[in-house]
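Everything on this sheet refers to the single structure shown next.
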Protein chains: 2
Amino acid sequence: VIKSFLLAPGPTPVPPEVLAAMALPVIHHRTPQFAAVLAEAEEGLRELFGTSQDVLILAASGTGAMEGAVTNVLSPGDEVLVVNGGKFGERWTRICQAYGLRVHEVVVEWGRPVAPQMVATALDEYPATRAVFVQASETSTCALHPVPAVAELTRRRDALLVVDGITAVGVLELPMDRLGIDVLVTGSQKALMLPPGLAFVALSERAWAAAERARLPRFYFDFRRERKGVAERSTAWTPAISLVQGLRVALAMLRAEGLPNVWARHERLACATRAAAAALGLRLLAPEAPSPAATAVLLPADVDGSALFRYLRDRMRVTFAGGQDRLKGKIIRIAHLGYADAFDVVTAVAALELALDCFGVPVELGRGVGAAERVLAGGLPPRS
Amino acid sequence: VIKSFLLAPGPTPVPPEVLAAMALPVIHHRTPQFAAVLAEAEEGLRELFGTSQDVLILAASGTGAMEGAVTNVLSPGDEVLVVNGGKFGERWTRICQAYGLRVHEVVVEWGRPVAPQMVATALDEYPATRAVFVQASETSTCALHPVPAVAELTRRRDALLVVDGITAVGVLELPMDRLGIDVLVTGSQKALMLPPGLAFVALSERAWAAAERARLPRFYFDFRRERKGVAERSTAWTPAISLVQGLRVALAMLRAEGLPNVWARHERLACATRAAAAALGLRLLAPEAPSPAATAVLLPADVDGSALFRYLRDRMRVTFAGGQDRLKGKIIRIAHLGYADAFDVVTAVAALELALDCFGVPVELGRGVGAAERVLAGGLPPRS
């Protein structure tokens, strides 16, 4: 047997407890039974988002909720500002352009966080900006953008802050209401420990007000309909019932662990991975503001990174993520989010050591694992 | 979340494919559908046992099949020889005594393999011996007994060789027919990658002849009834249907891997574990003939081994096996059988390093893992 390891930043592994819940018979969604499941999920999602607003549950992947975040708060011809520091920043731009918005980009070098000053300058330059779009964690580069600092800027202006929290919600503290985020989006297949298929979005009071005025066309992703559904313990359209049954269990697991412990776990796993990379002499793509969701390791220049990635995936059965576009073949992204613990990092680092060794890179086997273990030791439970 | 790791020599982890098969609806056992499942399982079991004889499938744990191995081939007052080098050798003695047999023991120091000469001498001393009982792999000490050499002795005499193959069948090559083993027993929760609940046993021609003469009382474990069942693609009593459905899949997985590859995998994982122990300065309980199923590591004398074991199990959620009886608190048994691969060894060694460190034992974190990786690198698939 060769076991398979899913160590990419989404989809992430699903706990057996969640798989078991999803294997239960499908119940009908217009029933008190399903209403109870939704009510429980809603409560957990509000806690996770740090909001008193409704959190909408959509049968879609994260991109669907991103599209809805655009179409529900804007009107044709509106000006928007997009922080573009990677593939997902680029996606905000493409969605906005598809709907005929006037997009101004704050272009950020891949791997770097946006400087809040750049956003401030752009907002001064384009005072008609109706919304600012940003990733909390730019999954393609594994860099964190400083959402709290950006929120400081948008809160004081008539511009909504729309945050892609797809590899951030449940990974790090991102309290929507306290920070003043106007639209926060995430997906099921990341920190929420579910298969892909659900997206979640919450809107601030002023975003809901904008939704009433917004004139971009929308139907399936009409958040006003979905909000009405939440009030009635229902959904606008047929929900992905099994995934919602799994969601209930996943949220209960996160609640049992305690969100501060969940965030601390992600930070510890990320620190251990970064320590391992350093011990192996590998540089990070995003050393300045590395995401606790995943770590992008720069491969030695003389290594065929795409071949290494495929060897790990197809021969060793360890699925990391490679680099996209200009980063193709240059980085390996090691995820440590969701249903991840200390021994996933140990496995990830050992796999990387073995693969590098196999590709002729001089590595001392066990050196990276040892460095990771020294960090992980700090997170061990006490002896009694 | 804290993930749980089952790294004890039984029960062992069950592959998701097998769990999925066991989650299918229960079918009735007196049907052509179940007969087909049994027929397929029977074929796989014969290959696994290296026999052209029927392999009986019992709803029982391994001990049940051990009892049946005694009661089906012997009569009250018969003399038997038991190789007793651990808890499971001792179990043969206790079963034989429970049925009023006259037991002569070849007592072997725990951790050592029996010397075939000792068996030869005992057989000369007790020429009326009707059967010799031995473990192929003595799970309590992680030592291998030399079954082929013992079989050389019994083949030439009128004494049956009864082998407990519970942590040997599917772990190492143990071809029943070729070696001349008369009764071979195993259980489902070891190399067969199933939950506990099934036991398997096969008898040689001369063991079946003995079964006709044997006068010890038996009913549930009457192998003659079960043999009739095999011929009819059925079982004597109600079978553990879900486990048999899982068995079919587990055997298909072993066949897909190829038995020589399965044995080589176990040997490689065992070598890696032993290399890690050596790198950490830990001695083995059974260095002379270590089992490829599990490795018994002697803990430093000043460590409270029971506390270390409990810390690993209850706090780190890594379940090894401790020592039994006189070995309690002195050893940790690290299993690497069944649904086990390279990263299980990596996890096991990292967990042991972290726990030893936590208990104040001076260990260089990563040193054992590195030593394991150097062995495991030899088993990696080629680059293309």
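First the proteins, then the strands, lettered A, B, ... as listed; each starts at 1.
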Find the one option among L254(B), V262(B), D344(B) whose heavy-atom pairs under 4.5 Å with chain A are most numerous.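 With the most close heavy-atom pairs to chain A, the winner is D344(B).
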Counting heavy-atom pairs under 4.5 Å with chain A, which one of I2(B), L19(B), L365(B) comes out on top?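 Ranked by contacts with chain A, first place is L365(B).
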Chain B contacts, top residue of [options] (heavy-atom pairs, under 4.5 Å):
{"options": "M253(A), E353(A), R367(A)", "result": "E353(A)"}
{"options": "L354(A), L376(A), V346(A)", "result": "L354(A)"}
{"options": "A342(A), A256(A), A351(A)", "result": "A351(A)"}

Can you see whether F359(A) has R383(B) sitting over its ring - NZ or CZ less than 6.0 Å from the centre and within 45° of the normal?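 Relative to the ring axis of F359(A), which defines the angle, R383(B) lies inside both limits.
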Are the side chains of R374(B) and D357(A) in contact, using a 4.5 Å heavy-atom criterion?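 No; the side chains remain at least 4.5 Å from each other.
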Indicate yes or no: at least one non-hydrogen side-chain atom of V1(B) is less than 4.5 angstrom from one of E257(A).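 Contact flag for V1(B)/E257(A) side chains = yes.
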Where the side chain of R315(A) meets the backbone of L380(B), is there a donor-acceptor pair that is under 3.5 Å apart?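 No, because the side chain of R315(A) does not come within donor-acceptor range (under 3.5 Å) of the backbone of L380(B).
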Between K3(A) (side chain) and P15(B) (backbone), is there a donor-acceptor pair under 3.5 Å?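 A pair under 3.5 Å: no.
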Side chain, backbone, both or neither of [X] within contact of chain B (heavy atoms, under 4.5 Å):
{"X": "Y311(A)", "value": "side chain"}
{"X": "V318(A)", "value": "side chain"}
{"X": "P16(A)", "value": "neither"}
{"X": "A340(A)", "value": "backbone"}
{"X": "D314(A)", "value": "neither"}

Just wondering, are more than 12 heavy atoms of other shown residues or ligands nearer than 6.0 Å to CD in E47(B)?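 Result for CD/E47(B): enclosed.
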salt_bridge(D341(A), R317(B)) N-O dist < 4.0 Å: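 Answer for the salt bridge query: no.
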